[in-house]
Amino acid sequence: MPELPEVEVTRQSFCERIHGARVTAVRVGKPLRWPLGVVPDSLVARTVGEVARRGKYLWLPLEDDGREAGGLLMHLGMSGSLAFSPAPGDAGVHDHFDLVTSRGTLRLTDPRRFGAVVWSASRSDGMAAKLLNGLGLEPFDPAFTGAHLHAALKRRRVAVKLALLSGDIVVGAGNIYACEALFAAGIDPRTRSDRISRPRAERLAAAIRDTLARALALGGSTLRDFRDAHGMEGRFQAQARVYGRAGVPCDACGTPLRRIVQGQRATFFCPTCQRR
DNA sequence: ATGGGTACCTGTCTGC
DNA sequence: TGCAGACAGGTACCCA
């Protein structure tokens, strides 16, 4: 489910309210992707620092006497969402993690359990480091330029859409936004990444940034169950030009949009507007 | 190193 | 109505 815009919208929706809150209890439900890696009770009495995002991961620093004392790395997987509320009510079957604090409870709901909550001594240590190392540039990092994207794509021979999804060149564009950005840049998703010219890489880098920024401004995409930590739905999905629209006439040229499968994932594109 | 495929898990929708 | 099968926003890991 959640790509960069959804994760960032989620972060923004609870970051300020939880900042400075004191952990009073931790509840762990069904196992997620990895074990938590710490005795839950040992987190009690720590203070939540400023929540950060890296790619589609969230990092919740936990402080002890004002000093950073580890933190929780969270991932929403395909179906996860976080809610922050003063009185969350009883945990349902899909509520797998509660961080109960003096200001309210941060609750992870994740029906498919592809998500994760993992404790690490620091962001650059242990499990967090293992998961975060090797991630590509942030799309809004000034270092993410057309030149950088061009050089990175030159080193690979996979289809450009798969290169974008792999997350080691640029993070944050998942299946929806990779499809949308390739449409905006006029590039066929099947094009071999090393055949993308410099000008097209420039356009693609700009399209990735623009697509993610626009989605962010609209609160992300809610296809079925995404909500931010206030329970708000995203509004980007109504603006999708290709995603989920197989057979629908392209709104730029009228050609029916196509659906193909790449790397076991659906890809949507316009065979006329998007060229190899 | 790269690329391709599998695995994880559950809910929803489609077609017979 | 019931049921099998396809499909879903992600990514670590195994193997060639």
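Throughout, protein chains are lettered first and strands after them, A, B, ... in sequence-line order, and every chain is numbered starting at 1.
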Between [X] and [N], does any side-chain N or O lie under 4.0 Å from OP1 or OP2?
| X | N | result |
| --- | --- | --- |
| A/R113 | B/dC8 | no |
| A/R112 | C/dG9 | no |
| A/H94 | B/dG11 | yes |
| A/H75 | C/dG10 | no |

Determine the sole option in A/L164, A/T267, A/D188 for which the side-chain contact (heavy atoms from CB on, under 4.5 Å) test with A/L182 is passed.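 Answer to the side-chain contact (heavy atoms from CB on, under 4.5 Å) test with A/L182 among A/L164, A/T267, A/D188: A/L164.
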Taking A/L82 as the fixed residue, which of A/V51, A/L58, A/V7 is the one that meets the side-chain contact (heavy atoms from CB on, under 4.5 Å) rule?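 Going through A/V51, A/L58, A/V7 one by one, the side-chain contact (heavy atoms from CB on, under 4.5 Å) with A/L82 is satisfied by A/L58 alone.
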Take A/N175 and A/K161 through the side-chain contact (heavy atoms from CB on, under 4.5 Å) test and state the conclusion after the steps. CA-CA 9 Å; A/N175 209 26; A/K161 191 219 177 192; 2.4 Å; yes
From [options], pick the nucleotide closest to the side chain of [X]?
| X | options | value |
| --- | --- | --- |
| A/R259 | B/dC9, B/dG3, C/dC7 | C/dC7 |
| A/K130 | B/dT10, C/dG10, C/dC13 | C/dC13 |
| A/A266 | C/dT11, C/dA8, B/dT10 | C/dA8 |

Please give, in whole Å, the distance from [N] [atom2] to [X] [atom1]?
| X | N | atom1 | atom2 | result |
| --- | --- | --- | --- | --- |
| A/Q262 | C/dG9 | CD | P | 13 Å |
| A/F268 | C/dC7 | CZ | P | 10 Å |
| A/W34 | B/dC8 | CH2 | C1' | 10 Å |
| A/L73 | C/dA12 | CG | P | 10 Å |
| A/Y57 | C/dG10 | OH | P | 12 Å |
| A/Q264 | C/dC14 | CD | C1' | 14 Å |
| A/F114 | C/dG9 | CZ | P | 11 Å |
| A/Q237 | C/dG9 | CD | C1' | 11 Å |

Below 3.5 Å, does any donor atom in the side chain of A/R33 face an acceptor in the base of C/dT11, or the other way round?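 A donor-acceptor contact between them is present.
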Once Watson-Crick and G-U wobble pairs under 3.5 Å are found, how is DNA chain C written in dot-bracket notation, 5' to 3', with | for any base paired to another strand? .|||||||.|||||||
Using atom P in both nucleotides, what's the gap between C/dG9 and B/dT14 to the nearest angstrom?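 Straight-line distance between the two P atoms is 16 Å.
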On a whole-Å scale, what distance lies between the P atoms belonging to C/dA6 and B/dT6?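 About 14 Å, rounded to a whole number of Å.
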With centres under 5.5 Å and planes under 30° as the test, does A/F226 stack with C/dG9?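 Answer is no, no stack.
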At 4.0 Å (heavy atoms only), tell me whether A/L131 reaches a base, stays on the sugar-phosphate, or touches nothing.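 Sugar-phosphate contact only.
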Going by atom types only, do A/T10 and A/D228 share a side-chain donor-acceptor pair under 3.5 Å?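 There is no such pair (donor and acceptor under 3.5 Å, judged by atom type) between the side chains of A/T10 and A/D228.
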Between A/E180 and A/T211: side-chain donor-acceptor atoms closer than 3.5 Å: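 Looking only at side-chain atoms, A/T211 and A/E180 do not form any donor-acceptor pair under 3.5 Å.
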Side chain of A/R113, backbone of A/P31: donor and acceptor closer than 3.5 Å?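 Yes, because the side chain of A/R113 sits within donor-acceptor range (under 3.5 Å) of the backbone of A/P31.
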Start at the 5' end of DNA chain B and walk down; is the nucleotide closest to A/R156 or to A/R224 reached first?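 Checking each residue's closest nucleotide, the 5'-ward one belongs to A/R156.
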Regarding A/R227 and A/E233, does a basic nitrogen lie under 4.0 Å from an acidic carboxylate oxygen?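 Answer for the salt bridge query: yes.
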Contact summary for A/C273 and A/C250, nearest pair of heavy atoms: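 Smallest heavy-atom distance, with atoms named: SG-SG, 3.7 Å.
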